[in-house]
Number of protein chains: 2
Amino acid sequence: MTANRPTIHDVASRAGVSKSLVSLALRGSPKVSEASRAVILQAAAELGYRPNAAARSLADRRSRTIGVLILDLHNPVFAEILDGVQTQVRREGFSTMLVSGGADPVLEQAEIDTLLQFQVEGLILISHRLAPAALRSISSEVPTVVVTRDDITAPRLDTVSNDDIAGAGLAVDHLVSLGHLQIACLTGGDNPVSHARERGYREAMARHGLTSHTHIVPGGLTDTAGYAAAAEALESSPTALFVANDIAALGAIAAIQDAGLIVPDDISVVGYDGIAIGGLRSVNLTTVVQPLAELGHLAAEHLVARIEHPQSRARHTRVESRLTVRGTTTRAVPVSR
Amino acid sequence: MTANRPTIHDVASRAGVSKSLVSLALRGSPKVSEASRAVILQAAAELGYRPNAAARSLADRRSRTIGVLILDLHNPVFAEILDGVQTQVRREGFSTMLVSGGADPVLEQAEIDTLLQFQVEGLILISHRLAPAALRSISSEVPTVVVTRDDITAPRLDTVSNDDIAGAGLAVDHLVSLGHLQIACLTGGDNPVSHARERGYREAMARHGLTSHTHIVPGGLTDTAGYAAAAEALESSPTALFVANDIAALGAIAAIQDAGLIVPDDISVVGYDGIAIGGLRSVNLTTVVQPLAELGHLAAEHLVARIEHPQSRARHTRVESRLTVRGTTTRAVPVSR
DNA sequence: CACGATCGTTGGAACGTTCCAAAGAAAGGG
DNA sequence: CCCTTTCTTTGGAACGTTCCAACGATCGTG
């Protein structure tokens with residue numbers, strides 16, 4: 001193509017100094033005289049010089065780059081966490097390489113290998129599907145922080161997540177305070193997060209002396225899974241539903257409406273996550289919102305700390321979720337049955 | 001930290017051969033004898049050797065990496081395009097560096113500079129807010145493809161987008177075929193995409209001899225903008241609304257419901273984009289869907305082609321959007337007014 | 001006014017690869 | 001059997017940077 005990219009040598013010869021001095025000047029060293037600095041900056045600007053990150057990382061033996069694996073780009077939960085990660089990582093002076101393995105352990109491992117080839121200095125996993133052994137091996141090789149999950153531990157592996165058990169408790173507390181007794185739980189299927197939320201529901205019901213009303217319907221984390229689970233749940237006439245996540249909650253609401261019932265008048269619904277769509281006026285979902293951007297921030301902070309002190313002991317940070325009451329919950333009507 | 005990463009030298013000495021042969025063997029050259037290959041692969045595996053991408057890119061003078069700028073991570077439209085980009089880029093044997101400038105021209109430029117420092121071989125801009133001059137300067141320096149916009153052109157700048165004018169036409173055609181005459185258009189504000197969709201609406205209305213019914217209400221691309229615009233539009237009693245995008249359409253629907261009217265019985269609504277949420281059962285939005293993943297695929301293909309032939313002339317690819325009829329549109333009721 | 005300090009500057013080595021020319025070994029042909 | 005040819009292997013240079021030891025000036029200082 002057109003001329004080759006200018007190198008530090010080109011800048012040096014144009015400025016009439018040595019490459020070493022250019023290197024110093026460009027990185028703002030105080031040992032460079034004002035005169036030289038001006039000439040060099042000028043020459044660099046004229047040539048449109050841009051340092052070569054590969055060469056730099058090779059000479060420096062550090063890349064100033066962090067690798068991020070995201071479980072699923074479509075899922076707004078992860079996208080929002082990613083956003084928090086990005087801004088904080090940038091602020092700490094690192095760049096980011098993003099990959100996604102589409103929730104497939106094999107692909108995820110391959111993508112992480114690619115990241116490691118680029119000598120990333122650390123890894124943030126915005127959820128993952130890796131086997132415990134794989135994750136341990138990765139985290140022993142490079143500073144790693146897992147967001148959203150805290151079920152796998154390793155000596156130097158940090159985690160950042162919300163307290164799903166407590167969060168589910170908030171949802172149940174809210175429904176109970178509105179007078180609901182027949183509160184069903186639509187689970188999110190077989191994954192650590194959903195298990196925790198289910199357990200939170202169960203414990204909260206027990207706490208309120210409602211163990212006998214506990215009703216758990218197996219579901220999933222998608223719209224259609226929520227629809228199906230809700231359809232099944234309706235057979236036992238609950239007055240409220242706690243659903244494992246917001247997307248499934250939306251499916252559940254559709255099922256309720258299709259059954260000719262009205263949300264929240266006939267049935268109240270609470271979701272989990274606090275994705276943006278839930279806040280749209282036409283949706284207006286009551287939900288347990290996780291501070292997603294904050295999860296991302298914290299992950300980045302932890303990672304940078306671990307890069308600086310690789311041997312520090314594992315930190316497991318829990319952020320607090322809170323209930324946002326919107327339009328899908330209301331007082332239970334006294335059953336006249 | 002623990003021991004340093006093994007290099008090609010370590011592999012070489014463990015295998016008892018020269019570094020050059022290791023390099024050859026690892027890249028699968030046919031000139032390596034079976035015996036040596038086996039020994040080398042074995043040694044590499046034992047050491048957990050992983051090639052250093054920085055060194056490779058330096059020696060190779062190519063990075064096999066593509067930079068991607070995304071306008072907004074939260075927006076599902078862009079996320080889905082990104083997904084299409086990622087899979088195709090990977091398939092072509094490249095890695096990806098993702099950045100986002102949060103729709104801020106200054107930040108976007110800074111992020112692109114970072115990408116260029118990493119010697120990315122090409123750039124995919126999933127929309128952007130760059131000034132024409134900035135974009136031209138970038139595209140003259142490195143192969144570049146812009147997705148979603150085709151309003152700025154440059155000699156070697158490819159674009160991939162959908163035909164917003166034709167797409168808007170589909171929406172209007174559909175509404176007209178259902179007997180609607182009072183079709184209002186809620187615009188998406190002051191940006192190239194929204195302008196095109198508005199123009200498509202206008203032209204289609206004219207084509208159907210409905211110029212006198214043309215009613216344009218300025219809006220925006222967000223939920224709340226859609227709500228406000230719809231509230232205003234309702235004053236002139238339309239029977240159908242064409243809204244600039246899906247998110248705003250959801251806001252519009254909320255406004256209609258808040259006014260005590262029913263979608264679609266009283267008012268039909270058509271959106272644009274085809275984001276996943278629109279397909280959820282409780283939303284069920286009729287919309288013009290763009291093949292988002294395909295946009296991403298094409299962008300990646302074009303970019304790779306341009307990397308191979310930098311001087312080829314600019315390509316402007318248009319993909320076809322199609323109407324997906326769901327639950328928010330129905331026949332117009334004869335006005336009894 | 002010679003003499004360490006200090007300051008600004010420099011060339012060369014290093015980082016971990018790939019490429020290239022050339023060397024060595026094995027094999028085939030006369 | 002010696003001489004090509006072919007196959008396999010090798011050391012060294014290069015890529016663009018940073019670091020380091022050392023350099024010549026400039027400078028007070030005794």
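Within every chain, numbering begins at 1; the chains are lettered A, B, ... in the order of the sequence lines, protein sequences first and strands thereafter.
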Visitor: Regarding B/R91 and B/T87, is there a side-chain donor-to-acceptor distance under 3.5 Å anywhere?
Guide: no
Visitor: Mapping B/L58 and B/E34 to their closest nucleotides on DNA chain D, which lands nearer the 5' end?
Guide: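 Result of the comparison: B/E34.
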Visitor: Is the closest side-chain heavy-atom distance between B/L98 and A/T96 below 4.5 Å?
Guide: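 Answer no - side chains too far apart.
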Visitor: Check the phosphate of C/dT18 against B/R56, side-chain N and O only, distance under 4.0 Å to OP1 or OP2. Yes or no?
Guide: yes
Visitor: Base, sugar-phosphate, or nothing for B/S36, non-hydrogen atoms under 4.0 angstrom?
Guide: sugar-phosphate
Visitor: Here's a test of your reading of the structure: between B/V17 and A/T7, which maps to the more 5' nucleotide of DNA chain D?
Guide: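 Mapping each residue to its closest nucleotide by heavy atoms, the 5'-most match is B/V17.
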Visitor: Of the nucleotides D/dT9, C/dT17, C/dT10, which has the atom closest to the B/A55 side chain?
Guide: C/dT17
Visitor: Only counting residues at least two apart or in another chain, list the ones meeting side-chain contact (heavy atoms from CB on, under 4.5 Å) with A/R37.
Guide: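 Applying side-chain contact (heavy atoms from CB on, under 4.5 Å) to A/R37 gives A/V32, A/E34, A/L41.
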Visitor: Which atom pairs link the protein and nucleotides 19-22 of chain C when you take only N or O atoms and keep those under 3.5 Å?
Guide:
unit_1	atom_1	unit_2	atom_2	d
C/dC19	OP2	B/R27	NH1	2.6
C/dC19	N4	B/S20	OG	3.4

Visitor: Would you check if A/Q86 and B/L73 make a side-chain contact, meaning some heavy-atom pair closer than 4.5 Å?
Guide: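 Yes, side chains in contact.
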Visitor: For A/I138, check side-chain contact (heavy atoms from CB on, under 4.5 Å) against everything at least two apart and list the hits.
Guide: A/Q109, A/I112, A/L123, A/L130, A/V142, A/T144
Visitor: Please report the distance, rounded to the nearest Å, between CD in B/Q119 and P in D/dC15.
Guide: 14 Å
Visitor: In whole Å, I'd like the distance from the NE2 atom of A/H9 to the P atom of C/dG12.
Guide: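 Rounded to whole Å, this separation is 11 Å.
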Visitor: For residues B/R149 and B/N191, determine if any side-chain heavy atom of one lies less than 4.5 Å from a side-chain heavy atom of the other.
Guide: no
Visitor: Counting only side-chain heavy atoms from C-beta out, which of D/dT9, C/dG16, D/dC15 sits nearest to B/R61?
Guide: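 Per side-chain heavy atoms of B/R61, the pick is D/dC15.
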Visitor: Would you mind telling me which of C/dT17, D/dG16, D/dT9 lies closest to the side-chain atoms of B/N52?
Guide: C/dT17
Visitor: Is the distance from OP1 or OP2 of C/dC7 to the nearest side-chain N or O of A/S33 less than 4.0 Å?
Guide: no
Visitor: Between A/S140 and A/R136, is any side-chain donor less than 3.5 angstrom from a side-chain acceptor?
Guide: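 No, no side-chain donor-acceptor contact under 3.5 Å.
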Visitor: Of the nucleotides C/dC15, C/dT18, D/dT17, which has the atom closest to the A/P51 side chain?
Guide: D/dT17
Visitor: Counting only side-chain nitrogens and oxygens, does B/S18 get under 4.0 Å of the OP1 or OP2 atom of D/dT10?
Guide: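 Yes, such a contact exists.
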